[in-house]
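Below: one structure, written as structure tokens.
Just follow the structure's listing: the first ligand is 1, and inside any ligand the first atom is 1. Since the model is a prediction, treat every value here as computed from it, not as a measurement.
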Amino acid sequence: MQYLRTTFDIPDRATLEGLLHRAQHLKRRRAERRLTPTLSGRVVGMLFEKASTRTRPSIEAGVALLGGATVVLHARDAHALGEEHEPLRDAARVLGSYVDALVARMRSHQDLEELARHARVPVVNGQSEIDHPCQVITDLFTVFERKERPFEVRWAYVGEPSGTANGLLAVAALTGIELALALPEDARLDAQALARAKSAGARVSVGHDPVAAVRGAGVVSTDSWSTPAALEPPARAARLAALARYQVNDALLSHAADDALVLHPLPARRGQEITDDALEGMRSVAFQQAGNRLCVQQALLEWLLGVSG
Ligand code: CP
């Protein structure tokens, strides 16, 4: 059975390229208001233990447009999960018997893996601390749409590590894209993802200098800073000051290629990891990127369910 627990579950470049072309086709069909009922008679379940403004609604809309149905279970509406409550493996078996695929945003990646072990249907990671494959493949699609030679760009990721940063390691391994990451000195990517990318021959550099990472880049991406929000005000201010040089702003972007694309998965904390000017600037594709979640996830679900148009 095919899963999408991390971006490394995409088996090869040909599959990835097929998904990008299929997403483009589905996007075009939707713009033309033509029906593509490939998921007719299929039900996609969604188990969300955390909030979502993009992943959940874009999957619901995308499945509906393909003629399928969705069942959404938010953690607050379900019986508590865990060994002292209903074991996750029991809930996974039950939910898996109702649906053809399950998209889950769990509190931990370990729980996502547990769900995948017991659900008996394809499981899609709807974001975890380890990866955010739906987002990462959408990011690549957004570049694919706009660049003549999308796999030849230098891609810079600047800021705190995140699931999308880890997922980009898989994208670099699959496509040959040169990936330069600039992270704070106390920050670490997922060690397993980094080792896996490197052993696959990915061209990845990990450093601490944002200007060096961005110099000449055709894509500059970042993600929400997660650590400041978890701190009390004095410590938060100190953390924000330490992160300041990783902010995507006009000064940093002046080192990128003239036609560089600026990506942000949203939600953005304007003034933290990215400025208002950079997010709203001519080079930003953040809102097109958010819109692209729909067609990319449609292509992913078709692939996982073994259906095609
Ligand atoms: N980028 C992203 O996954 O957004 P949500 O958290 O709103 O789903």
Surrounding CD of Glu86 (heavy atoms of other residues, nucleotides or ligands, distance under 6.0 Å), is the total greater than 12?
yes
Say whether Leu266, considering both its backbone and side-chain N or O atoms, lies within less than 3.5 Å of an N or O atom on ligand 1.
yes
Nitrogen or oxygen of Pro265 less than 3.5 angstrom from that of ligand 1:
yes
If you have a sec, work out which protein heavy atom is nearest atom 4 (O) of ligand 1 and how many Å separate them, to one decimal?
Arg54 NE, 2.9 Å
I'd like to know if Leu266 and Tyr246 are part of one continuous hydrophobic network [Ile/Leu/Val/Met/Phe/Trp/Tyr, side-chain heavy atoms within less than 4.5 Å].
yes
Name the option, out of Arg105, Arg293, His264, Gln127, that contains the heavy atom nearest to atom 6 (O) of ligand 1.
Arg105
Kindly identify the option in Gln135, His132, Lys50, Gln289 whose heavy atom sits closest to atom 3 (O) of ligand 1.
His132
Heavy-atom nearest pair, Pro267 first then Ser224, reads O-OG, 2.5 Å
Just by modelled atom types, is the Met106 backbone N or O under 3.5 Å from a matching donor or acceptor in the Gln127 side chain?
no
Do the side chains of Arg107 and Glu129 get close enough for a salt bridge, i.e. N-O under 4.0 angstrom?
no
Which residues share a salt bridge (charged side-chain N to carboxylate O under 4.0 Å, His left out) with Arg54, sequence neighbours left out
none
Give the numbers and elements of all ligand 1 atoms closer than 4.0 Å to a heavy atom of Thr53.
5 (P), 7 (O), 8 (O)
Please work out whether any backbone atom (N, CA, C, O) or any side-chain heavy atom from C-beta onward of Arg56 is under 4.0 Å from ligand 1, and answer side chain, backbone, both or neither.
neither
